[in-house]
There are 2 protein chains.
Amino acid sequence: MSATTIRDVARYAGVGVGTVSRVLNDSPDVSVTTRSKVLSAIEALDYTPNPIARRLSLGKTLTIAVIAPFFTRPSVVERLRGIEHVIAESEYDLIVFNVETSSRRDAYFHSVLRRERVDGVIIISLLPRDNDVDRLKQAGTSVVFVDVSHPQFSQVIVDDVEGGRQATRHLISLGHRKIGFLSDYEDSSFYFTANRDRFTGYCQELEAANIALRPEFSAHGVHSRSSAYEMAKRLLGVDDRPTAIFATSDTLAIGVLEAAQQVGLDVPKDLSVIGYDDIEIAEYLRLTTIRQSLFESGVEGVKLLLEEMESMPGAPAQILLPTELVRRDTTAPPSARSAPRIFWKSR
Amino acid sequence: MSATTIRDVARYAGVGVGTVSRVLNDSPDVSVTTRSKVLSAIEALDYTPNPIARRLSLGKTLTIAVIAPFFTRPSVVERLRGIEHVIAESEYDLIVFNVETSSRRDAYFHSVLRRERVDGVIIISLLPRDNDVDRLKQAGTSVVFVDVSHPQFSQVIVDDVEGGRQATRHLISLGHRKIGFLSDYEDSSFYFTANRDRFTGYCQELEAANIALRPEFSAHGVHSRSSAYEMAKRLLGVDDRPTAIFATSDTLAIGVLEAAQQVGLDVPKDLSVIGYDDIEIAEYLRLTTIRQSLFESGVEGVKLLLEEMESMPGAPAQILLPTELVRRDTTAPPSARSAPRIFWKSR
DNA sequence: CTGTTAGCGCATTCAC
DNA sequence: GTGAATGCGCTAACAG
């Protein structure tokens with residue numbers, strides 16, 4: 001009930017508060033006997049140090065924040081899982097900020113990134129604006145980005161250019177030459193670098209295979225299944241439509257699958273689809289995709305952050321995680337004859 | 001940089017710290033002129049009050065915790081979204097604890113639920129043990145459960161007995177008489193009440209329709225798609241197998257769909273499948289399910305918690321959210337040969 | 001080794 | 001209305 005304090009323990013054990021504090025922070029210089037006396041007092045009183053007071057005295061918040069678009073991206077949740085996994089073992093609390101709009105993002109960037117607020121923050125899939133950059137640099141709180149590439153900050157990323165190439169190369173090796181590209185990188189207020197890089201990879205492979213880039217084969221919109229659904233229907237509606245589509249996330253890919261079904265196209269016979277991330281549901285859907293280590297990206301992110309919180313380093317670090325093609329059942333060679341006509345069925 | 005404190009502001013504005021504090025907490029009794037003086041000082045110094053110090057002084061942690069098995073249950077993430085949505089508008093921080101094992105759960109129940117640590121906690125889908133109950137009751141921190149029914153605590157739940165009945169009734173009304181039941185409530189260290197209640201509803205409807213309960217038609221295991229997959233294969237392997245399966249979560253239902261596909265059963269022609277929750281992917285899979293308001297359960301949970309933190313109430317409150325049958329494409333009448341059509345009047 | 005004391009930054013009395 | 005003083009619970013520095 002009434003909070004028992006360090007003073008109560010001291011009195012009960014017949015020692016000074018300093019001593020109690022010492023055993024709490026297991027300082028080496030305290031005799032075995034008094035230590036055990038204090039320990040049993042703590043036990044008897046069921047005492048737990050007040051973390052708030054501890055933090056104030058320490059001048060540290062002992063908390064780490066993560067800012068991310070959690071709920072629009074299943075992949076982010078998996079990264080969060082990795083983060084939580086590591087933080088649970090530490091003395092830090094994990095506080096979460098969900099971003100669904102760019103105004104919310106700006107607000108969080110402004111308010112969260114203050115030394116008084118948290119000791120460190122992990123930002124997932126959100127690129128800072130130029131005027132955020134300065135504030136971040138001099139904020140005094142350590143920051144590491146996950147799934148974002150920025151020259152000035154520490155980050156854990158995958159080589160998204162390479163990922164984009166892997167996906168595109170897979171499609172090309174299957175025999176496709178009309179390859180659509182679907183992403184959400186148009187939303188420049190968020191501006192995920194990942195999408196831009198994957199697009200670059202896409203272009204590179206196309207060029208390497210001597211395939212002309214066809215602008216009408218790529219579409220960019222917001223990140224949601226339904227948005228992808230609409231975009232895909234548009235892509236599939238053009239004359240001489242793509243025989244394969246590379247979507248920059250599994251969520252988008254699912255929207256493509258829906259559109260294909262809607263439009264009466266068999267996957268993979270009439271249309272190949274490849275996603276990105278390998279979120280859990282991808283396996284169930286037998287979706288071919290580019291896997292990246294989501295959980296691990298969270299783990300590595302926190303580890304890096306904790307390190308940098310210890311010793312503010314000069315240069316930003318970069319951890320590059322691997323990316324891997326996972327072949328499943330949504331990609332196949334294009335059908336021998338030219339693309340079948342589309343029959344618009346009502347749902 | 002060097003943290004600017006309330007004292008700096010006071011000096012800059014030429015007033016006392018008390019006054020600054022007053023305007024910060026917009027106390028009514030402070031003259032307009034000094035107020036603006038202070039305000040501009042705050043502006044000029046880019047001052048933000050140190051939340052830690054504030055908390056210590058206030059004697060409140062200004063943080064709310066949520067303990068839940070987030071990553072094994074997509075539905076929990078959606079509830080979390082509702083929680084975050086409300087908390088973002090408040091002055092509270094949200095800290096998260098993920099539970100994947102029962103030992104982790106016990107640890108969190110023990111350490112998190114202390115007044116020094118948080119002002120309130122939301123526990124999702126985790127039932128306290130008997131010896132937790134006492135501690136919770138006298139912990140001094142407000143607690144509300146979401147998706148857990150317990151006589152002694154405030155909670156926001158759905159009527160899971162009714163939900164179980166709705167699902168079963170739907171199947172029966174379609175003509176099914178051999179109905180399997182799949183859940184994860186065997187895991188008694190977590191012991192989700194929801195599953196037990198849904199099973200009760202299942203039994204009630206069976207009885208109302210004069211269908212004998214067949215123990216070999218129900219299976220219980222851990223909560224995962226692959227576990228459901230195995231269980232379903234077992235269920236479908238028995239002689240005179242079920243023509244329909246009610247799974248107590250969409251995740252489990254997906255495992256059932258996989259098993260059906262594996263075994264060569266067409267859904268819904270050869271086998272009807274109904275889930276529970278209506279998580280996002282359910283719509284894509286065209287899964288018939290029992291929808292519950294996940295997001296809203298989070299919203300209501302926090303609201304209730306915030307209320308109770310204001311005024312420790314005597315009796316536990318209970319908020320009952322609705323449950324709704326969502327008919328999609330995984331349920332249909334059993335194929336003519338195997339089951340005679342019966343007439344059963346829906347209530 | 002151990003008790004005592006001075007802050008940590010803020011909210012909140014209490015006088016003026 | 002407003003400034004000064006006290007305390008929130010803990011850590012760390014300083015004597016002893």
Can you check whether any acceptor in the base of D:dG1 is under 3.5 Å from a donor in the side chain of B:Thr19, or vice versa?
no
Is any side-chain N or O of A:Arg55 under 3.5 Å from a base N or O of D:dG9, one able to act as donor and the other as acceptor?
no
Atom CZ of B:Arg22 to atom P of C:dA11: distance rounded to whole Å?
11 Å
Rounded to whole Å, how long is the line connecting atom CG of B:Leu62 with atom P of C:dA11?
10 Å
Closer than 4.0 Å, any side-chain N/O of A:Ser21 to the OP1 or OP2 of D:dT11?
yes
Give the nucleotide from the list D:dC10, D:dT2, D:dA5 with an atom nearest to the side chain of B:Val30.
D:dT2
Over how many whole Å does the gap from B:Arg11 atom CZ to D:dA4 atom C1' extend?
15 Å
Between B:Arg54 and C:dG9, does any side-chain N or O lie under 4.0 Å from OP1 or OP2?
no
May I ask you to say what B:Val15 touches in the nucleic acid, namely base, sugar-phosphate or nothing, with a heavy-atom cut-off under 4.0 Å?
sugar-phosphate
Selection from C:dG9, C:dC8, D:dT2 that lies nearest to any side-chain heavy atom of B:Ser57:
C:dG9
Without decimals, in angstroms, what is the distance between A:Asn25 CG and D:dA13 C1'?
14 Å
Quick check with a 6.0 Å cut-off and a 45 degree axis cone: is A:Lys137 positioned over the face of A:Phe153's six-membered ring?
yes
Distance, rounded to the nearest Å, where A:Lys60 contributes NZ and C:dG9 contributes C1'
18 Å
Does A:Thr34 make a side-chain N or O approach to OP1 or OP2 of C:dT2 shorter than 4.0 Å?
yes
A:Leu56 has a side chain; which of C:dT2, D:dC10, C:dG9 sits nearest to it?
C:dG9
Would you say the side chain of A:Leu62 lies within less than 4.5 Å of the side chain of A:Asp93, judging by non-hydrogen atoms?
no
Could you tell me whether the side chain of A:Val118 reaches within less than 4.5 Å of the side chain of A:Ile95, counting heavy atoms only?
yes
Examine B:Arg105 relative to B:Phe109 and say whether NZ or CZ is less than 6.0 Å from the centre of the six-membered ring and inside a 45° cone about the ring axis.
yes
Starting at CZ of A:Arg7 and ending at C1' of D:dC10, how long is that distance when rounded to a whole Å?
10 Å
Rounded to whole angstrom units, what separation is found between the CD1 atom of A:Ile6 and the C1' atom of C:dT5?
14 Å
Please determine if A:Asp46 and B:Arg135 form a salt bridge, counting it only when a charged side-chain N lies under 4.0 Å from a carboxylate O.
no
Pick base, sugar-phosphate or nothing for A:Gly59, based on heavy-atom distances below 4.0 Å to the nucleic acid.
nothing
Check the distance between C:dC10's C1' and B:Asn50's CG and give it to me in whole angstrom.
8 Å
